[in-house]
2 protein chains.
Amino acid sequence: MAEPVVAPGRPRGGRRDEILATFTRHVAERGYDRANFGDVAAELGMSKGTIVHHFGTKDRMLAEVQERYMGRRLDEAHAFLARLPAPEQRIAAFVHAGVRYSTLEPATTVAFQREVVRLTDEPGMETARGQRDAYRDLVVAALREGEEAGVFVPGDARLRSLQMFGSLHWMWTWFDPQGRMPPEDVAAEFCRTLLRGLGVPDDLGAVAADPQGPVARCVAEVCAPRS
Amino acid sequence: MAEPVVAPGRPRGGRRDEILATFTRHVAERGYDRANFGDVAAELGMSKGTIVHHFGTKDRMLAEVQERYMGRRLDEAHAFLARLPAPEQRIAAFVHAGVRYSTLEPATTVAFQREVVRLTDEPGMETARGQRDAYRDLVVAALREGEEAGVFVPGDARLRSLQMFGSLHWMWTWFDPQGRMPPEDVAAEFCRTLLRGLGVPDDLGAVAADPQGPVARCVAEVCAPRS
DNA sequence: CTACTCTGCCCGTACGTGCGGTCAGTTTTC
DNA sequence: GAAAACTGACCGCACGTACGGGCAGAGTAG
């Protein structure tokens, strides 16, 4: 049924990536517990054994999904931070990027978000958890910079970062990438409310929130669709 | 090994409620998929069959947890809305209440929050979903009132409600009721940032966010611990 | 008071199913 | 020919739940 495409057996990681992508989609749709080897194998027209051969265990497969995801996000965060010096731009960029991912890699994003809790619980997730913590540290740092620069009103940076992540990580429960609501609008609205909440003057905030503005454009360049 | 037959008192469905409470705790700790009859039964020193006798299926049991939870929340929301006329007070009250629940009924709250997605997916959850939607409608209505009254800057009320719920519903992944961070502080910080973000003047916002203020007190009275 | 019956909780077990993972062997690629 | 990719049959186990029966208390008749 499925054409050979490239010869089976060789293509370095080709088949492997396919497996990972399908697994990711299943996790996104049903959650980790209900996702299973059998269905993934059937969908790809291969045997369960093949999946085991490539990944060993289900836990490892999820860990790899999370690590790859966070790896990409960290790279991108560093990239746009290097280009955006102002704290309110940085915070806005995190929001734009967070929303953007929901449409750029919907499956991976949902899979990550709905299974984040395993980062703290399960063993074997140390790497991914470290990446996640590093990412949050970047946001906290930007919030602190803003406070010190007097752009944000003083407050608890850690709590604020959690408030912010909550809004973004919750999106998987309601946001439909195929739906009517454009992600840019979501990002813009979230940005405006958040930045105003941090005490950023409306004009500065408007620029940072603008879907056509410099921040959004920078994020769009950095977080480009891959292959 | 079973205890003396009848527990002190004969609270209507005493045993039944005990089962539900234990099940709820297991869902909160491991998630619905990993929670199972065997463990609950063992912990209560009863047979799996007893659980089935009382609830029929696992799905039904979860549905009942969700319906009871949302029922209580709706009652309380109506109660504090009746006492707080101002939009900024109402929004603050939703935040205070949302945080408060994490310590008042930690297990039920976590169980609800981590399994919310089933409200939209699964059949048999129509009632609970209706309750959840009704709750969100209350928040959206308060946001719209605020806009019309000129207390909030114009914006997309639905998006704002989702942004707000995200912050609160995400708490289960990081908030520890036993931890150092007092829930009142979380609520206060969330309130301040959110209300400022909605355009509420700082003095008005400070009163509404104050853990000792009228709004927090009203919520504390309405959302009292139950027997 | 006694005997009988009805009823609702509760028990223990057994069954079917689904799933993660193993393994010995085959095919493909270089 | 060596190594990697792949297969398909199989195992063991955990879990939901169906089922038949036990048992204690309430109601009723004599």
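In what follows, chains carry the letters A, B, and so on, assigned in the order in which the sequence lines appear, proteins first and then strands, with residues in each chain numbered from 1.
- Distances shown here put a side-chain N or O of A:H54 below 4.0 Å from the OP1 or OP2 atom of D:dC6.
- Distance CG (B:L44) to P (C:dC10): 11 Å, rounded to an integer number of Å.
- Look at CZ on B:R16: it is 14 Å from C1' on C:dG8, rounded to the nearest Å.
- Regarding contacts with the backbone of C:dC10, every side-chain N or O of B:H53 stays at 4.0 angstrom or more from both OP1 and OP2.
- When the P atom of C:dG20 is taken as reference, atom CD1 of A:I51 falls 10 Å away, rounded to whole Å.
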Could you go through residues 38-52 of chain B and list every donor-acceptor pair under 3.5 Å that involves a side-chain atom there, pairing it with any protein atom two or more places apart or in another chain?
residue : atom : partner : partner atom : Å
B:D39   : OD2  : B:R30   : NH1          : 2.6
B:E43   : OE1  : B:R25   : NH2          : 3.1
B:E43   : OE1  : B:H26   : NE2          : 2.7
B:E43   : OE2  : B:R25   : NH1          : 3.3
B:E43   : OE2  : B:R25   : NH2          : 2.4
B:S47   : OG   : B:G49   : N            : 2.9
B:T50   : OG1  : B:S47   : O            : 3.4

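- Checked by atom type, the side-chain pair A:S102/A:T109 shows no donor-acceptor distance below 3.5 Å.
- Nearest nucleotide to the A:S47 side chain, out of C:dC11, D:dT7, D:dA5: D:dT7.
- Listed by first then second residue, pairs satisfying ring pair (Phe, Tyr, Trp, His ring centres under 6.0 Å) with a partner in residues 54-82 of chain A read A:Y69-A:Y101, A:Y69-A:F112, A:F80-A:F94, not counting sequence neighbours.
- Atom-to-atom, CE of A:M46 to C1' of C:dT26 comes out at 17 Å; the value is rounded to the nearest Å.
- Among residues two or more places apart in sequence or in another chain, the salt bridge (charged side-chain N to carboxylate O under 4.0 Å, His left out) test is passed with B:E145 by B:R90.
- For C:dC11, the OP1/OP2 oxygens have a side-chain nitrogen or oxygen of B:T50 closer than 4.0 Å.
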Where do N or O atoms of nucleotides 15-19 of chain D meet protein N or O atoms at under 3.5 Å, pair by pair?
residue : atom : partner : partner atom : Å
D:dG16  : OP1  : B:A35   : O            : 3.4
D:dG16  : OP1  : B:K58   : NZ           : 2.9
D:dG16  : OP2  : B:F37   : N            : 3.0
D:dG16  : N7   : B:K48   : NZ           : 3.2
D:dT17  : OP2  : B:K58   : N            : 3.1
D:dT17  : O4   : B:K48   : NZ           : 2.9

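- A:R34 pairs by the salt bridge (charged side-chain N to carboxylate O under 4.0 Å, His left out) definition with B:D33, B:E122, not counting sequence neighbours.
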Atom pairs and distances, side-chain donor-acceptor, residues 130-141 of chain B, under 3.5 Å, sequence neighbours left out:
residue : atom : partner : partner atom : Å
B:Q131  : NE2  : B:E67   : O            : 3.4
B:Y135  : OH   : B:R73   : NH2          : 3.2

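- Look at CZ on A:R15: it is 13 Å from P on C:dT29, rounded to the nearest Å.
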